[in-house]
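Just so we're on the same page: letters track the sequence lines, and every chain starts at 1. Fair warning: this is a prediction, and the values are worked out from it, not measured in the lab.
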There are 2 protein chains.
Amino acid sequence: MSSTRPGPRERLLDAARDLTYRQGVHVGVDAILKQADVARRSLYQHFGGKDGLIAEVLRTSAQEDRYRTVMDAAGEDPRARVLAVFDELERITTAPGFRGCRYTSADLALTDPQHPAHTEVRRYKDGVHALFTDELTRLGHPSPEAAADQLLVLVDGVLAHAVTRPDAHPARAARRLAVHVLDARD
Amino acid sequence: MSSTRPGPRERLLDAARDLTYRQGVHVGVDAILKQADVARRSLYQHFGGKDGLIAEVLRTSAQEDRYRTVMDAAGEDPRARVLAVFDELERITTAPGFRGCRYTSADLALTDPQHPAHTEVRRYKDGVHALFTDELTRLGHPSPEAAADQLLVLVDGVLAHAVTRPDAHPARAARRLAVHVLDARD
DNA sequence: GATTAGATAGACCGATTGATCTACTTGTCA
DNA sequence: TGACAAGTAGATCAATCGGTCTATCTAATC
């Protein structure tokens with residue numbers, strides 16, 4: 001028995017996830033519809049419009065889960081778990097087709113402050129912040145929240161810088177700084 | 001005597017610099033022409049097209065000079081000069097109308113790898129890298145190039161993260177890490 | 001004063017944008 | 001069988017995209 005083809009809604013999300021990452025959020029609706037092999041009407045039925053589709057793509061992209069998985073694979077030690085994220089970043093940024101962070105990209109590209117995507121970007125980054133804060137707390141870090149902010153700056157810095165200067169291997173550079181964040185005793 | 005109005009070329013660059021920052025590189029040519037109060041033909045005469053205009057905007061934006069000025073105002077000590085950049089970043093990211101790093105934005109928004117803007121983005125970031133390398137060398141840092149890469153990750157991280165989470169004050173968080181970069185003795 | 005390069009104004013081009021619409025087909029459940 | 005919801009196909013819409021065109025005007029140079 002062949003696996004059932006996903007419904008129009010899922011196909012739209014998949015196509016939009018792929019195309020908005022490779023081409024940016026300014027891809028045409030036509031291109032998304034064509035790749036999803038879906039009727040025009042289905043898009044507006046399910047998501048109300050392009051903006052809704054983009055927001056839903058960000059809401060369901062679950063890059064957070066990827067970091068969580070990497071951490072879990074690194075074992076119990078909070079220190080190792082955090083550093084594993086930066087090892088993963090080295091893989092991500094050197095992989096073919098790397099095009100930066102989709103959340104940062106969307107936040108920068110969408111000029112209208114009212115665009116629903118901004119809410120999802122904020123939610124995502126807050127989520128990663130919580131992820132780091134948990135580890136730092138378990139580590140007994142003196143100021144987990146502030147340290148998590150530092151780690152977030154490093155992550156965003158890696159993903160942004162690697163687009164322009166991948167040969168600088170920003171993930172490795174950031175990993176060395178992450179060690180300082182983890183070992184801070186003040 | 002009133003100051004002479006700049007020529008069409010300068011007015012185009014000014015308008016494009018303003019609009020591409022506020023609205024992104026996908027602003028329409030019409031909007032740029034209107035704000036510059038310049039004939040359509042002048043754009044294609046001077047820059048060959050929109051792509052050429054955008055590239056020239058990046059080439060002449062001279063954000064590098066801003067960092068240089070800030071450093072010079074901070075005195076002679078390389079340590080103080082580098083940290084002054086992060087103090088400046090705190091001002092930049094909290095100023096009204098802050099919309100992230102125009103170079104990173106352009107690099108992410110322009111999907112075509114052949115777009116002339118990418119060359120200018122790379123040139124700019126290499127320039128900042130050289131700026132930092134100089135200071136680190138004068139400071140006697142054991143590996144100025146690698147440390148400059150770390151500072152660049154911090155700068156890009158601040159400018160990217162501040163777009164989504166300005167309340168985290170990433171510039172301050174990054175400044176604390178910059179101290180570690182400067183004081184590295186290994 | 002005549003020539004000429006540079007700027008302006010604006011029509012015009014085909015292509016594409018996001019979105020709405022009607023008409024038809026499909027599958028499901030009552 | 002009949003009703004209904006969901007999906008498809010595609011025409012159509014006004015608006016905008018980047019770019020080319022002709023025609024006119026202006027200012028400096030010879």
Closest of C:dT8, C:dG18, C:dC21 to the B:R41 side chain is C:dT8
Check ion pair A:R68-A:D72 (N to O, under 4.0 angstrom):
no
Taking side chain as C-beta onward, heavy atoms only, is B:D149 less than 4.5 Å from B:F132? no
B:Y44 atom OH is separated from C:dT8 atom P, nearest whole Å, by 15 Å
In whole angstroms, the gap separating C1' of C:dT8 from CG of B:D37 amounts to 10 Å
For this session: Could you check whether A:D51 gets within reach of a base, just the sugar-phosphate, or nothing at all, counting any heavy atom under 4.0 Å?
Result: nothing
Quick one: does any side-chain atom of A:K50 pair with a main-chain N or O of A:Y44 as donor and acceptor, under 3.5 Å? no
So NE2 of B:H180 and CG of A:D183: to nearest 0.5 Å the spacing works out to 9.0 Å
Applied to residues 100-116 of chain A, the salt bridge (Lys or Arg N to Asp or Glu O under 4.0 Å) test, sequence neighbours excluded, yields none
note: A:L33, atom CG; C:dT20, atom P; distance rounded to Å ~ 13 Å
Of the candidates C:dT8, C:dG10, C:dG18, the side chain of A:R40 sits closest to C:dG18
Could you see if A:L182 belongs to whatever hydrophobic cluster contains A:V70? Use Ile, Leu, Val, Met, Phe, Trp, Tyr and a side-chain cutoff under 4.5 Å.
no
Students should find that the nucleotides of DNA chain D closing off the region near chain B, any atom under 4.0 angstrom from a heavy atom, are D:dC17 to D:dA23
Taking C:dA23, C:dG18, C:dA7 as options, the one with an atom nearest any side-chain atom of B:P8 is C:dA7
Rounded to whole Å, the NZ-C1' distance (A:K50 to C:dT17) equals 8 Å
Residues 106-131 of chain A vs ring pair (Phe, Tyr, Trp, His ring centres under 6.0 Å), sequence neighbours excluded, gives A:Y103-A:Y124
Rounded to whole Å, the NE2-P distance (A:H115 to C:dG18) equals 11 Å
Rounded to whole Å, CD of B:Q45 lies from P of C:dT8 at a distance of 11 Å
Taking five pairs at each terminus, the helix from C:dG1-D:dC30 to C:dA30-D:dT1 shows an axis bend, to 10°, of 0°
- Query: Hey, does the side chain of B:T104 reach the backbone of B:C101 with a donor-acceptor pair shorter than 3.5 angstrom?
  - Reply: no
Examine distances only and state if a side-chain atom of B:R138 and a backbone atom of B:E76 form a donor-acceptor pair shorter than 3.5 Å. yes
Atom CG of B:L43 and atom P of C:dA9 are separated, to the nearest Å, by 15 Å
>> Is B:S42 close enough to C:dG6 that one of its side-chain N or O atoms is under 4.0 Å from OP1 or OP2 there?
In response: no
B:H46 NE2 to C:dA5 P, in whole Å, measures 15 Å
Side-chain ion pair, B:E64 and B:R123, N-O less than 4.0 Å = no
Query - Non-hydrogen side-chain atoms of B:Y21 and B:V27 separated by less than 4.5 Å - result: no
In numerical order, the residues of residues 9-28 of chain B whose heavy atoms come under 4.0 Å of DNA chain C are B:R11
Residues 10-19 of chain A vs salt bridge (Lys or Arg N to Asp or Glu O under 4.0 Å), sequence neighbours excluded, gives A:D18-A:R22
